[in-house]
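What follows is a set of notes on a single structure, which appears directly below.
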Amino acid sequence: MSVLATRDLVIDIPNRPSGRALSLTLEPGQVWGVLGPNGAGKTTLLHTLAGLNAPRAGSIALDDAPLTQLRRRKIAQRLGLVFQERLDGFPATVLETALIGRHPYMSAWQREGADDLARAEAALERLDVAHLKERLVNTLSGGERQRVAIATVLTQDPAVWLVDEPTNHLDLHHQSSVMALMAEQAKAGKTLMLCLHDLNLAARWCSHVLLLYPDGEACWGEARTMLEPAALERLYRQRLTVVEVNGAPVFVPING
Ligand SMILES: Nc1ncnc2c1ncn2[C@@H]1O[C@H](COP(=O)(O)OP(=O)(O)OP(=O)(O)O)[C@@H](O)[C@H]1O
């Protein structure tokens, strides 16, 4: 069963030719990495899959139903989003922010219950921000905010995670912990699509990758077949060398 699928999807990037239309099928348990240079359209793709940007052409299905025919509340129960721009200016505490993850399941005037609170507190613990729960989010560091945003989606517990640069602002320990969380979610049957700048995170953690080129060209498939040095050099216009560490490829940029 596909949880999220696109048919002949063309994302709408102003003044860019349509390139290759995307017909993707994302299944439970898969972790997709979206790779490509700056401006290739990774964020635009995520926004389009979330129904926030209209595509130029083609369609998106969530649980085999057209996204355009689903109510926003239903979409919010199924899709969790971690995006780069966040409205953190609103004066909410870390705990209040995590609890927003429960709103798609509540009626308009319903208050969060004990179960909602327990889920939020467990998520804050998992992301190592429980000690900050009474702090206003707009007083946190970049990495702390990123972890609160991920904790909010963990509280939401969606079937599909769409995450723009999950390790943005994170130190090495928290990068590793967040990627392990993404893998855990996949193991639990969730589907994840992550925009990544780090090839080595993609090689280590993704089951599938989508390579997006600045001219709208694209190709996709299983990570072990797609992460070929020659294809990646063309993608980034950057020479690479590959070494193996613990059985996994590690890509290193080289000059010249
Ligand atoms: N509102 C807009 N008007 C005009 N161009 C836009 C608009 N939004 C995005 N773009 C352009 O669309 C292209 C794709 O942007 P997008 O943010 O999706 O790229 P990206 O692959 O996520 O890049 P990065 O790696 O830098 O985050 C860029 O060239 C960007 O300048």
Side-chain angles (χ1 to χ4, degrees), residues 4-24 26 31-60 62 67-68 75 79-89 142-143 145-147 149-150 153 160-171 174-175 178-179 182 191-206 208-221 223 226-229 231-240 251-253:
L4 186 66
T6 68
R7 184 183 292 179
D8 300 326
L9 182 74
V10 180
I11 59 174
D12 191 22
I13 295 189
N15 307 315
R16 189 171 91 170
S18 294
R20 177 151 183 214
L22 304 175
S23 293
L24 309 172
L26 278 63
V31 181
W32 282 73
V34 184
L35 304 177
N38 291 143
K42 303 177 296 295
T43 299
T44 306
L45 172 64
L46 247 52
H47 284 201
T48 308
L49 293 176
L52 304 174
N53 276 25
R56 187 179 295 172
S59 60
I60 299 162
L62 179 61
L67 192 68
T68 47
I75 296 172
L79 286 186
L81 318 173
V82 181
F83 286 158
Q84 297 293 318
E85 327 83 58
R86 289 197 272 277
L87 300 173
D88 287 348
R145 281 187 208 203
Q146 177 77 352
R147 276 148 51 212
I150 294 169
V153 175
V160 182
W161 289 60
L162 300 177
V163 187
D164 202 352
E165 298 183 38
T167 58
N168 201 18
H169 295 294
L170 299 185
D171 61 50
H174 287 113
Q175 285 184 23
V178 158
M179 293 309 292
M182 303 288 129
T191 305
L192 297 96
M193 185 175 255
L194 318 173
C195 294
L196 294 170
H197 277 297
D198 186 334
L199 280 176
N200 298 319
L201 290 180
R204 173 148 179 224
W205 299 101
C206 294
H208 293 73
V209 295
L210 166 63
L211 308 187
L212 280 185
Y213 292 83
D215 61 358
E217 278 308 312
C219 51
W220 58 90
M226 299 297 297
L227 293 175
E228 278 296 320
L232 299 172
E233 285 183 341
R234 186 168 89 78
L235 182 68
Y236 292 107
R237 294 184 300 149
Q238 169 64 48
R239 284 189 64 209
L240 297 169
F251 299 92
V252 183

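Order of appearance sets the numbers: ligands from 1, and atoms from 1 within every ligand.
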Considering only the protein, which heavy-atom contact is closest to atom 17 (O) of ligand 1, and what is its distance?
Thr43 CB, 3.6 Å

Once rounded to the nearest 0.5 Å, what's the spacing between atom CG of Leu9 and atom OG of Ser59?
7.5 Å

Looking only at protein heavy atoms, which one is nearest to atom 4 (C) of ligand 1, and how far off is it?
Pro14 CG, 3.4 Å

protein heavy-atom neighbour closest to atom 19 (O) of ligand 1 works out as Gly41 N, 3.3 Å

Ignoring hydrogens, tell whether any protein atom lies closer than 4.0 Å to atom 14 (C) of ligand 1; use the non-hydrogen atoms only.
yes

What do you think, any protein heavy atom under 4.0 angstrom from atom 1 (N) of ligand 1?
no

Note, Asp198 side chain near Thr167 side chain (heavy atom, < 4.5 Å)
no

State whether Tyr213 and Arg20 meet the cation-pi test: NZ (Lys) or CZ (Arg) under 6.0 Å from the six-membered ring centroid, and within 45° of the perpendicular axis.
no

Of all the heavy-atom pairs spanning Gly36 and Tyr236, show the shortest one and how long it is.
N-OH, 3.5 Å

Closest approach of any protein heavy atom to atom 11 (C) of ligand 1, naming residue and atom
Ile13 CG2, 4.4 Å

Is it the case that the side chain of Gln84 and the backbone of Asp164 share a donor-acceptor pair, with hydrogens and angles ignored and the cut-off at 3.5 Å?
yes

Interfacing atoms of ligand 1 (cut-off 4.0 Å, heavy-atom, Pro37)
21 (O)

Looking only at heavy atoms, which two atoms of Met193 and Leu49 are closest? And how far apart?
SD-CD1, 3.4 Å

Over 12 non-hydrogen atoms of neighbours within 6.0 angstrom of CZ in Arg7:
no

Considering the options Leu194, Leu201, Leu212, Leu211, which one meets the side chain to side chain contact (heavy atoms under 4.5 Å, CB included) requirement together with Leu35?
Leu211

Which is closest to atom 27 (O) of ligand 1 in terms of heavy atoms, Arg16, Glu165, His47?
Glu165

closest protein heavy atom to atom 25 (O) of ligand 1 is Lys42 NZ, 2.7 Å

Nearest neighbour in protein (non-hydrogen) for atom 24 (P) of ligand 1:
Asn38 ND2, 3.6 Å

Shortest non-hydrogen contact from Pro55 toward Thr48:
CB-CG2, 3.9 Å

State the NE2-CE distance between His208 and Met226, to the nearest 0.5 angstrom.
10.5 Å

Would you mind listing which atoms of ligand 1 come within a distance below 4.0 Å of any non-hydrogen atom of Thr44?
14 (C), 15 (O), 16 (P), 18 (O)

Run the numbers for me: atoms of ligand 1, each under 4.0 Å from some heavy atom of His197, listed by number.
25 (O)

Among all the protein's non-hydrogen atoms, which is closest to atom 23 (O) of ligand 1, and how far away is it?
Gly39 N, 2.9 Å

Look at atom 8 (N) of ligand 1 and say whether a protein heavy atom is found at less than 4.0 angstrom from it.
no

For ligand 1, which is the ligand I care about here, please tell me if Ala40 has any N or O atom under 3.5 Å from one of the ligand's N or O atoms.
yes

Is the closest heavy-atom distance from Pro214 to ligand 1 below 4.0 Å?
no

